[in-house]
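What follows is a set of notes on a single structure, which appears directly below.
In what follows, chains are A, B, ... by sequence order, proteins preceding strands, each numbered from 1.
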Amino acid sequence: MGRFYITTPIYYVNDVPHIGHAYTTSAADVAARFHRQLGDDVFFLTGTDEHGTKVEQAAAARGLAPKEHVDEVVQKFKEVAQKVGATNDFFIRTTDPEHERFVQELVQRCYDAGDIYKSSYSGLYCGACEAYYTEENLVDGLCPDHGTAPVHMEEENYFFRLSAFQDRLTALYRGDPDFVRPRHRYNEALSFIEQGLEDISISRATLKWGISVPWDPSQVIYVWVDALINYLSALHYAPGEDLMDRFWPPSYHLMAQDILKFHGIIWPALLMSAGYELPEHLFVHGYLKLGGEKMSKTRGNVMDPFPLIEQYGADPFRFYCLREVSFGQDGMVSEEGFKSRYNTELANELGNLVSRTTSMISKYRGGAVPAPPAGRAAADSPLAAEAAGMADIARGQLEEMELSNALDTIWVFVRRLNRYVEEQAPWKQAKEEAAALAAAGDDPQRVAAARAPLDGTLWDLAEGLRLLTVVLHPFIPATTASMRVRLGLEPEPDASAGPAWSEATWGLLPAGLVVAAGAPLFPRIEE
RNA sequence: GGCGGCGUAGCUCAGUCGGUCAGAGCAGCGGAAUCAUAAUCCGCGUGUCAGAGGUUCGAGUCCUCUCGCCGCUACCA
């Protein structure tokens with residue numbers, strides 16, 4: 001039994017929830033569910049980042065106080081987690097008073113450690129934005145939002161001595177090539193560090209909407225510093241006892257590539273300064289691209305997942321994203337692709353497999369899953385070895401966060417079961433059985449022998465489906481729950497926990513199950 | 001410019017330590033079967049593995065160079 005603490009980034013409420021948020025949260029949920037199945041002590045955290053200039057401005061534009069504004073917008077992000085079926089254990093908001101207090105404590109620690117000092121920051125400042133711009137971010141030398149010329153300004157800020165951590169960060173990376181995965185992201189971060197780190201300003205004098213610097217209330221803490229600390233602060237006040245001891249450090253921080261620098265460099269340095277253990281791994285997943293381009297609102301090529309989820313449920317969405325795109329790499333998604341995979345893989349291959357299996361058990365055995373033929377050990381099933389291999393490999397891949405590889409491994413087995421039906425041809429076995437039974441008379445041994453082939457086939461299929469409910473639970477939990485009902489298995493007491501991974505062992509199918517027919521798991525999408 | 005990555009069948013992509021690695025899925029064509037959501041299964045690919053050179057008994061798989069894409073290159077979430 002291990003410990004598993006996984007996080008998504010906390011989402012910036014100024015943005016509108018989009019497929020990227022749903023993707024990250026889904027992926028984190030897959031990992032969290034899998035580790036619960038292993039029996040690990042799991043904590044899965046997500047939440048929202050609610051401070052900063054943009055939020056302050058958005059609120060002002062609506063004539064609301066910032067807090068009123070974020071209280072409203074945060075609901076949309078809570079809905080994302082709920083809609084994708086995420087089993088997050090807590091939802092943190094950086095406006096939680098407990099978080100704010102903790103951020104101040106932590107920053108104070110860094111200050112006391114001598115890693116924060118006052119200096120002046122100079123740059124190009126747009127008064128309308130109340131923000132600084134670097135030259136690259138200007139459009140023809142003008143503010144991209146207001147079209148006005150920024151002025152050169154200086155402000156007194158507190159700086160974090162990031163440069164002092166260069167050697168320790170280098171050592172961290174050199175000592176653990178898996179600190180950031182996949183490897184090319186590790187290279188990126190390391191090369192950034194080796195180019196030389198400069199101190200960073202971690203406070204703002206012109207902004208009000210933030211957490212004030214404890215020793216100088218005229219300034220607020222830079223929003224990224226505020227945000228990163230959520231991974232730590234949450235454990236101090238999320239429901240439950242001793243969460244720090246139970247869960248720190250994080251097993252995985254999940255994120256997209258745009259925020260690697262903050263998580264891979266600033267965050268470890270802050271933790272070093274404040275004296276905390278470092279996260280074990282950062283995992284950087286790719287972007288979902290539509291039509292070969294990175295999705296962006298300005299390009300108008302954003303794929304909105306929420307109508308699809310409303311219409312088809314969370315499972316098909318989760319399945320599609322994690323199956324279509326190699327986890328850790330960029331990939332293309334489209335509504336067309338969604339429908340294609342939904343129909344071919346979920347409806348035809350998996351859904352129909354469940355249909356045909358339960359239907360044949362009903363038709364040939366009155367709905368009762370037969371016992372395996374007398375004298376045939378579970379391990380003698382033609383599928384036993386493949387099933388065991390599939391479960392082992394998928395487990396290893398899930399442990400390594402190779403989510404799409406795991407799904408691929410599992411799907412080979414789904415297809416194997418369909419092929420098995422064709423190979424055994426139960427309808428043919430049923431005819432042969434009828435003939436053999438007619439010839440067997442009352443001889444119990446001959447009756448048993450006559451029934452053995454079809455019994456074996458149906459039992460194998462039911463057992464194969466049962467295994468699938470275990471290994472697919474992390475990806476499509478509502479579906480596997482429904483499959484278990486159809487197979488006549490007892491529902492899990494805790495739906496978010498799912499069946500224990502140890503049940504992914506061939507031969508554990510309980511005796512005496514009665515299958516239940518049902519509407520198609522995935523009705524085909526007809527166009 | 002520097003660092004990193006990518007360029008493999010019509011499409012989307014796998015290819016861990018160099019030796020059945022030339023593959024999968026989709027799309028297309030042909031066939032079988034009928035338990036099932038007309039759902040399944042089987043068969044069919046002459047691809048210069050971007051190009052050139054090199055190392056090696058042997059290279060998509062290592063090295064060099066060229067071409068074409070992409071990411072990162074500091075405080076914009």
Ring centroid separation for A:H281 and A:F179, is it under 6.0 angstrom?
no

Tell me: CZ of A:F327 to C1' of B:A14, nearest whole Å?
18 Å

Salt bridge (charged side-chain N to carboxylate O under 4.0 Å, His left out) involving A:R181 - partner list, sequence neighbours excluded:
A:E400

Which whole number of Å gives the distance between the C1' atom of B:C11 and that of B:G47?
14 Å

So what does A:W224 hit on the nucleic acid, given a heavy-atom distance under 4.0 Å: a base, only sugar-phosphate, or nothing?
base

In whole angstroms, how far is the C1' atom of B:U73 from the CD atom of A:E194?
14 Å

Looking across every strand, which nucleic acid part, if any, lies under 4.0 Å from A:A425 by heavy atom: base, sugar-phosphate, or nothing?
nothing

Donor + acceptor pair across side chains of A:Y231, A:H263 (<3.5 Å):
yes

Hey, is B:G51 sitting syn or anti, using the within-90° cutoff around 0?
anti

Test: ring pair (Phe, Tyr, Trp, His ring centres under 6.0 Å). Region: residues 401-425 of chain A. Which pairs qualify, not counting sequence neighbours?
A:F319-A:W411

What is the separation between atom OH on A:Y287 and atom C1' on B:C72, rounded to the nearest whole Å?
11 Å

Can you list the residues that meet the salt bridge (charged side-chain N to carboxylate O under 4.0 Å, His left out) rule with A:R93, with sequence neighbours excluded?
A:E50, A:D71

Close N or O pairs between protein and nucleotides 35-44 of chain B (under 3.5 Å):
residue: B:C35; atom: O2'; partner: A:S359; partner atom: OG; Å: 3.1
residue: B:C35; atom: O2; partner: A:R356; partner atom: NE; Å: 3.0
residue: B:C35; atom: N3; partner: A:R356; partner atom: NE; Å: 3.4
residue: B:C35; atom: N3; partner: A:R356; partner atom: NH2; Å: 2.6
residue: B:C35; atom: N4; partner: A:R356; partner atom: NH2; Å: 3.1
residue: B:C35; atom: N4; partner: A:E422; partner atom: OE2; Å: 3.4
residue: B:A36; atom: O2'; partner: A:N352; partner atom: OD1; Å: 2.3
residue: B:A36; atom: N1; partner: A:R356; partner atom: NH2; Å: 3.4
residue: B:A36; atom: N3; partner: A:N352; partner atom: ND2; Å: 2.9
residue: B:A36; atom: N3; partner: A:R356; partner atom: NE; Å: 3.3
residue: B:U37; atom: O2; partner: A:F522; partner atom: O; Å: 3.3
residue: B:U37; atom: O2; partner: A:R524; partner atom: N; Å: 3.4
residue: B:U37; atom: N3; partner: A:F522; partner atom: O; Å: 2.8
residue: B:U37; atom: O4; partner: A:G351; partner atom: O; Å: 3.4
residue: B:U37; atom: O4; partner: A:L521; partner atom: N; Å: 3.3
residue: B:U37; atom: O4; partner: A:F522; partner atom: N; Å: 3.2
residue: B:A39; atom: OP1; partner: A:R524; partner atom: NE; Å: 3.2
residue: B:A39; atom: O2'; partner: A:N348; partner atom: O; Å: 2.8
residue: B:A39; atom: O2'; partner: A:N352; partner atom: ND2; Å: 2.5
residue: B:U40; atom: O2'; partner: A:R356; partner atom: NH1; Å: 3.2
residue: B:U40; atom: O2'; partner: A:E422; partner atom: OE2; Å: 2.8
residue: B:U40; atom: O2; partner: A:E422; partner atom: OE2; Å: 3.4

Determine, for nucleotides 2-11 of chain B in 5'-to-3' order, which nucleotides have protein heavy atoms under 4.0 Å from the base (write B), from only the sugar-phosphate (write S), or from neither (write -).
BSS-------

Enumerate the salt bridge (charged side-chain N to carboxylate O under 4.0 Å, His left out) contacts for residues 166-176 of chain A, please, sequence neighbours excluded, ordered by first and then second residue.
A:R174-A:E194

Go nucleotide by nucleotide along RNA chain B from the 5' end; which of A:N405 and A:L197 gets its closest nucleotide reached first?
A:N405

Taking atom P in both B:C67 and B:A22, compute the distance separating them and give it to the nearest angstrom.
32 Å

Are A:F165 and A:F160 an aromatic pair by the rule of ring centers under 6.0 Å?
yes

Does A:R365 pair with A:E433 as a salt bridge, N-O distance under 4.0 Å?
yes

Hey, which sits more toward the 5' end of RNA chain B by its nearest nucleotide, A:S326 or A:V225?
A:S326

Identify the stems formed by RNA chain B, where each pair is Watson-Crick or G-U wobble with both distances under 3.5 angstrom and a stem is at least 3 consecutive pairs.
B:1-7 with B:67-73, B:10-13 with B:23-26, B:28-32 with B:40-44, B:50-54 with B:62-66

Kindly write out the residues that satisfy salt bridge (charged side-chain N to carboxylate O under 4.0 Å, His left out) with A:E324, not counting sequence neighbours, or none if the list is empty.
A:R341

For A:E72, what residues pass the salt bridge (charged side-chain N to carboxylate O under 4.0 Å, His left out) criterion, not counting sequence neighbours?
A:R62

OP1, OP2 of B:U73 versus side-chain N and O of A:K261: anything below 4.0 Å?
yes

Separation of B:U12 atom P from A:D408 atom CG, nearest Å, is 18 Å

Nearest to the side chain of A:Q257 - B:C76, B:A74, B:G71?
B:G71

Flag for A:T469-A:R484: side-chain donor and acceptor within less than 3.5 Å
yes

Any Lys/Arg nitrogen of A:E422 or A:R419 sitting under 4.0 Å from an Asp/Glu carboxylate oxygen of the other?
no

Here the residues of residues 452-461 of chain A within 4.0 Å heavy-atom distance, strictly under, of RNA chain B are none

Does a donor on one side chain and an acceptor on the other come within less than 3.5 Å for A:E156 and A:S119?
no

Pairwise C1' distance for B:U20 and B:G7, with rounding to whole Å:
26 Å

Taking only residues two or more places apart in sequence or in another chain, which ones pass side-chain contact (heavy atoms from CB on, under 4.5 Å) with A:N88?
A:F44, A:T46, A:A81, A:A86, A:F91

Nearest-angstrom distance, C1' atom, B:U12 to B:A52:
29 Å

With sequence neighbours left out, what residues match A:Y312 under ring-ring contact (aromatic ring centres under 6.0 Å, His included)?
A:F338, A:Y342

